[in-house]
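All ligand and atom numbering here is 1-based and tracks the order in the structure. Reckoned from all heavy atoms, side chains included, excluding hydrogens, waters and symmetry mates.
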Amino acid sequence: MLADPWWRDAVTYQVYVRSFADGNGDGIGDLRGIREKLGYLAELGVNAIWLNPCFPSPMADAGYDIADYREIEPSFGTLDEMDALIAGAHERGIRVLLDIVPNHCSDRHPRFQEALRAEPRSAQRSWFWFRPGRGPGGDLPPNNWQSYFGGPAWTRVTEPDGTPGQWYLHLFAPEQPDFNWENPEVRADFVKTLRFWFDRGADGFRIDSAAVLMKDPLLPDLDPDAGPCEPHPYNDRDGIHEIYQEWRAVADSYDEPRVLFGEVWIADPQRFAKYLRPQEMHAAFNFPFLRCAWDPRALRAVIDQTVVFHRPVGAPATWVLSNHDVTRHVTRYGRADTTFDFDDRGHGRPVDLELGTRRSRAAALLYLALPGGAYLYQGEELGLWEVEDIPAELRQDPMWERTDGVNPGRDGCRVPLPWSGARPPFGFSTAGDRQAEPWLPTQPVAWTEYTVQAQLDDPDSMLELYRSALALRRTEPGFGSERDPLRWMDSAEEVLSFRRGDTAACVVNLSAEPIALPPHEAVLLTSSPLTDGGLLPSDCAAWLKVG
Ligand code: TEU
Ligand code: CA
């Protein structure tokens with residue numbers, strides 16, 4: 001029997017574990033907290049949850065520095081707690097995806113510790129990229145590569161005999177040494193990890209930094225004028241596809257196939273689509289859509305391009321507006337420049353949160369109406385904005401420190417969720433009276449009106465908009481089914497208007513004036529009320545039943 005390819009049009013909710021819900025009152029979100037909120041997630045109507053890394057980690061990069069791939073981070077819980085969470089989610093029909101980080105581990109990982117103790121050119125060091133330095137005494141890094149978090153991508157070690165020694169490569173923080181994927185032992189170890197979690201019932205993995213695993217073994221200098229992200233000679237090398245073919249075979253070896261979806265930051269859509277060939281990943285994030293301006297022509301172009309490049313490989317498109325790395329879209333859409341850029345997060349620019357919220361509501365109806373999978377980042381269903389005024393001493397993101405504060409980093413989208421009550425920490429802890437201060441104690445007081453409690457049953461709230469849209473995705477087959485292609489309808493250039501299936505249509509008005517709706521049988525949902533004359537206002541979207 002062919003297993004139900006549920007992931008082709010699933011709505012996946014991203015749980016940023018340490019900021020979702022704290023089950024034991026220590027101020028850090030955890031697995032128990034998630035389990036206690038499964039009812040909330042089921043009622044919201046999501047099909048799957050993706051948990052950011054929850055494995056033992058010194059948290060130099062919020063869990064993306066893993067010291068043990070087959071255990072649970074103690075501050076998040078235990079293996080038993082994970083089993084209970086997976087079981088509880090499955091009882092409610094919610095799949096559970098974990099986050100695997102193959103490019104690098106923690107410098108506390110036993111393999112890296114062993115490598116540090118071993119000789120240069122030893123088998124232990126060949127798990128990583130150790131190289132002698134350049135210049136007199138080897139005092140200069142082996143090449144000019146820069147870390148994504150700022151500063152050189154190399155750190156020098158002290159050899160066991162106390163002398164200054166080799167350098168190791170880290171595309172991210174120094175606490176995140178890059179694995180050497182040329183080494184078959186590294187490959188075998190990751191297959192073991194995949195099986196470990198699949199055997200425990202995990203339904204799939206989000207693959208972190210999926211396109212940067214392979215490096216040119218000659219480690220050539222880079223053109224310093226090439227952009228920070230790509231093209232890099234080490235980025236997206238051909239051999240990388242073998243790895244994902246192997247992973248796909250593992251995933252498909254289960255009766256109920258497991259899902260692999262990649263974080264593939266590649267702007268070139270042809271190279272991007274290679275990762276989605278039938279024997280590779282099932283899906284990958286659509287970052288061009290996430291980064292796109294709130295602009296009708298740009299959005300139409302990126303939607304068309306997405307559909308065009310997914311079709312030949314047979315993979316479903318994905319749609320995503322926010323995640324734990326980017327500025328929350330309520331804030332982005334409330335600025336003059338509505339795009340997203342890693343190197344310029346736009347912090348401190350004027351923001352009109354009312355406009356950003358209005359557009360975010362319309363964007364929710366847009367992305368949830370597009371054919372394919374949708375990824376929802378915790379808090380966007382509450383309309384949360386980026387917290388930009390985090391004091392320097394509370395900032396935790398290595399991006400902030402490594403750029404000397406030039407880049408504010410990602411803490412502003414990682415603030416703990418507000419659940420209830422009139423004051424911070426807004427019920428973030430579920431453990432009764434025991435409420436330690438959250439690990440990032442920067443919830444704005446204004447979130448009083450944005451708690452789950454305040455929004456439930458308020459028909460005008462963001463939460464109710466999401467709940468209604470997700471319910472309609474289930475009951476109106478046109479919106480939900482990925483197999484129904486998108487067909488543009490005639491409209492003004494500044495309006496995105498398309499049909500899904502036989503009876504569903506979505507209209508988004510990005511023009512400055514209210515517009516008439518196309519002929520329809522019923523208005524199913526609107527992001528803001530229609531005008532008295534029944535027109536769709538500017539920056540609003542409507543879901544229609546059409547004949
Ligand atoms: O992010 C990778 C990432 O954000 C990209 O910026 C990276 O620069 C890209 O691969 C360039 O092509 C992931 C996680 O989402 C993030 O939270 C982690 O900090 C990072 O990997 C390191 O694990
Ligand atoms: Ca906790």
| query | Going by the side chain to side chain donor-acceptor pair (under 3.5 Å) test, which pairs reach into residues 177-186, not counting sequence neighbours? | reply |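 Every pair satisfying side chain to side chain donor-acceptor pair (under 3.5 Å) with a residue in residues 177-186: Asn103-Asp178, Ser126-Asn183, Trp127-Glu185, Asp178-Lys215.
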Which one of [options] has a non-hydrogen atom at the shortest distance from [atom]?
atom: atom 18 (C) of ligand 1; options: Asp61, Asp397, Asn52, Asp99; result: Asp61
atom: atom 7 (C) of ligand 1; options: Phe172, Phe342, Tyr64; result: Phe172
atom: atom 16 (C) of ligand 1; options: Asp325, Val101, Val326, Asp343; result: Asp325

Need the ligand 1 atom indices (1-based, order shown) with element for anything under 4.0 Å from a heavy-atom of [X].
X: His104; value: 22 (C), 23 (O)
X: Arg410; value: 16 (C), 17 (O), 18 (C), 19 (O)
X: Arg206; value: 14 (C), 15 (O)
X: Arg414; value: 17 (O)
X: Phe149; value: 19 (O)
X: Tyr148; value: 8 (O), 11 (C), 12 (O)

| field | Side-chain donor-acceptor contact under 3.5 Å, Asn47 with Trp7 | value | no
| query | Would you say the side-chain atoms of Tyr367 and His329 include a donor-acceptor pair closer than 3.5 Å? | reply |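 Note: Tyr367 and His329 side chains miss the donor-acceptor criterion.
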| note | Residue set satisfying side-chain hydrogen bond (donor to acceptor under 3.5 Å, both in side chains) with Arg131, at least two apart, ordered chain then number -> none
Electrostatic pair [X]:[Y] at N-O distance under 4.0 angstrom:
X: Asp189; Y: Arg70; result: yes
X: Glu263; Y: Arg206; result: yes
X: Asp61; Y: Arg410; result: yes

| What protein atoms of element N, O or S are positioned under 3.0 Å from the Ca ion (ligand 2)? |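 Listed by chain and number, the atoms are Asp22 OD1, Asn24 OD1, Asp26 OD1, Ile28 O, Asp30 OD2.
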| message | Just to verify, what does Leu299 make a side-chain contact (heavy atoms from CB on, under 4.5 Å) with, not counting sequence neighbours? | response |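 Listed in chain order: Phe289, Cys292, Trp294, Leu366, Leu496, Leu510.
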| query | Honestly, is Arg125 close enough over Phe130, meaning NZ or CZ under 6.0 Å from the six-membered ring centre and within 45° of the axis? | reply | yes
| message | Check for me whether the distance between the ring centres of Phe190 and Tyr69 falls short of 6.0 Å. | response |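 Here the rings of Tyr69 and Phe190 have centres that are less than 6.0 Å from each other.
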